[in-house]
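This is the structure I have questions about; it appears just below.
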Amino acid sequence: MSRPISSTGLRWLWLVVVVLALDLASKQWILNNFVLGQTQPLFPSFNLYYARNYGAAFSFLADHGGWQRWFFAGIAIAIVVVLLVMMYRNSAQQKLSNIAYAFIIGGALGNLFDRLWHGFVVDFIDFYIGNWHYPTFNLADSFICVGAAMIVLEGFLPAKKRVKSEGK
């Protein structure tokens with residue numbers, strides 16, 4: 001049976017476009033205004049720092065000859081397809097899960113674009129305490145993490161509350 005898209009979770013695809021636009025604009029700003037390795041302190045314990053990530057999270061597999069670019073691109077495409085199907089199966093009223101999926105899809109597409117266009121992911125957010133630096137990341141990574149956290153938190157909601165909050 002065919003359902004109107006506006007009644008499915010795909011109604012929330014506009015949020016994917018917002019996340020993707022914010023991510024790509026921020027990365028383009030870094031590419032236009034920073035040279036590789038340049039740091040600009042903003043606040044105590046927070047810098048903008050232009051880095052390139054040829055691997056995945058925490059530069060996993062970054063130094064493995066280039067095959068990982070296509071491997072991680074394939075994983076991103078698979079995740080996007082699975083989440084789009086899940087959004088289609090969801091009701092548009094299931095706000096929490098649809099927003100979470102949109103965040104993850106937008107972030108995955110942002111990093112996928114970087115991998116395919118540049119051959120690396122542009123990272124630029126640098127948190128640190130003293131001499132310890134958290135691995136540099138970007139807005140796409142942030143949206144993916146927030147989306148994943150929303151999915152986990154949704155799992156802790158009682159089924160009754162989940163249905164009630166999603167129906168609003």
* Go through the steps for L139 and I125 under the test side-chain contact (heavy atoms from CB on, under 4.5 Å), then give the verdict. => CA-CA 8 Å; L139 290 182; I125 300 171; 4.1 Å; yes

* **Side-chain heavy-atom pair R52, V122 within 4.5 angstrom cut-off** =>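 Of all side-chain heavy-atom pairs linking V122 with R52, none is under 4.5 Å.
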
* To do: Working to the nearest 0.5 Å, report the span between CE of M150 and CG of L96.
  =>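 So the CE of M150 and the CG of L96 are separated by 4.5 Å.
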
* Pairs involving residues 13-35, ordered by first then second residue, that meet salt bridge (Lys or Arg N to Asp or Glu O under 4.0 Å) (sequence neighbours left out) ->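 Applying salt bridge (Lys or Arg N to Asp or Glu O under 4.0 Å) to every pair that reaches into residues 13-35, excluding sequence neighbours, yields D23-K27, K27-D114.
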
* For the student: nearest non-hydrogen atoms of G106 and L20, plus distance ->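 Shortest heavy-atom separation between G106 and L20 comes out as O-CD1, 3.9 Å.
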
* Applying side chain to side chain donor-acceptor pair (under 3.5 Å), name anything that partners N90, two or more places apart in sequence or on another chain. => S97, N98

* Asked: Mind checking what makes side chain to side chain donor-acceptor pair (under 3.5 Å) contact with Y49, not counting sequence neighbours?
  ->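 Y49 satisfies side chain to side chain donor-acceptor pair (under 3.5 Å) with no other residue.
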
* Asked: Could you go step by step and tell me if L48 and T39 meet the side-chain contact (heavy atoms from CB on, under 4.5 Å) rule?
  -> CA-CA 6 Å; L48 293 180; T39 299; over 6 Å; no

* Using the side-chain contact (heavy atoms from CB on, under 4.5 Å) rule, take I144 and F103 through it: C-alpha gap first, then chi angles, then the decisive distance, then the call. => CA-CA 6 Å; I144 291 168; F103 279 4; over 6 Å; no

* Asked: Should F113 and L116 be counted in the same cluster of Ile, Leu, Val, Met, Phe, Trp and Tyr side chains packed under 4.5 Å apart?
  -> yes

* Same cluster (ILVMFWY, side-chain, under 4.5 Å), Y88 and I99 -> yes

* Listed by chain and number, what are the ring pair (Phe, Tyr, Trp, His ring centres under 6.0 Å) partners of F34, not counting sequence neighbours? -> W29

* To do: With sequence neighbours excluded, give me every side chain to side chain donor-acceptor pair (under 3.5 Å) pair touching residues 5-19.
  =>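 Residue pairs passing side chain to side chain donor-acceptor pair (under 3.5 Å), neighbours aside: none found.
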
* **Exercise: identify the closest heavy-atom pair between A140 and G107** => CB-O, 3.3 Å

* Report the residues that fulfil side chain to side chain donor-acceptor pair (under 3.5 Å) with N32, sequence neighbours left out, ordered by chain and then residue number. => Q28

* Structure fact -> Hits for side chain to side chain donor-acceptor pair (under 3.5 Å) against D141, two or more places apart or cross-chain, chain-then-number order -> N111

* Looking at residues at least two apart in the chain, or sitting in another chain, which of them share a side chain to side chain contact (heavy atoms under 4.5 Å, CB included) with Y128? ->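 Once residues adjacent in sequence are excluded, the partners of Y128 under the side chain to side chain contact (heavy atoms under 4.5 Å, CB included) criterion are N47, D126, H133.
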
Please list every donor-acceptor pair under 3.5 Å in which a side-chain atom of residues 74-86 meets a protein atom from a residue at least two apart or in another chain.
none

* To do: Answer with yes or no whether the hydrophobic clustering places V35 together with I30; edges join I, L, V, M, F, W, Y residues whose side-chain heavy atoms lie under 4.5 Å apart.
  => no

* Asked: Mind checking whether F143 and L22 have side chains closer than 4.5 Å, heavy atoms only?
  -> yes

* Structure fact -> Between I104 and A148, the two heavy atoms sitting closest are CD1-N, 3.7 Å

* Working to the nearest 0.5 Å, report the span between OG of S45 and CD1 of I129. =>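 Reported to 0.5 Å precision, the distance equals 6.0 Å.
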
* Asked: Which pairs, with at least one residue in residues 102-113 and sequence neighbours excluded, count as a salt bridge (Lys or Arg N to Asp or Glu O under 4.0 Å)?
  -> none

* Qualifying side chain to side chain donor-acceptor pair (under 3.5 Å) pairs, either residue in residues 71-85, two or more places apart -> none

* Asked: Between Y54 and F120, does the ring centroid distance fall short of 6.0 Å?
  ->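 Yes, the ring centres sit under 6.0 Å apart.
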
* Do Y101 and I151 have side-chain heavy atoms sitting under 4.5 Å apart? ->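 Y101 vs I151: side chains touch.
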
* To do: Look at the rings of Y134 and F137 and say which category their plane angle falls in: under 30° parallel, 30 to 60° tilted, over 60° perpendicular.
  => perpendicular

* Does V16 have any side chain to side chain contact (heavy atoms under 4.5 Å, CB included) partners at least two apart in sequence or in another chain, and if so, which? ->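 Side chain to side chain contact (heavy atoms under 4.5 Å, CB included) check on V16 returns L13, A102, I105, L109.
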
* Side chain proximity check, Q38 to N33, heavy atoms < 4.5 angstrom -> no

* Asked: Are L10 and V18 in one and the same hydrophobic cluster, where Ile, Leu, Val, Met, Phe, Trp and Tyr link if side-chain heavy atoms are under 4.5 Å apart?
  ->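 Both belong to a single hydrophobic cluster.
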
* Asked: Of F46, F43, W132, which is the lone residue that meets side-chain contact (heavy atoms from CB on, under 4.5 Å) with F127?
  -> F46

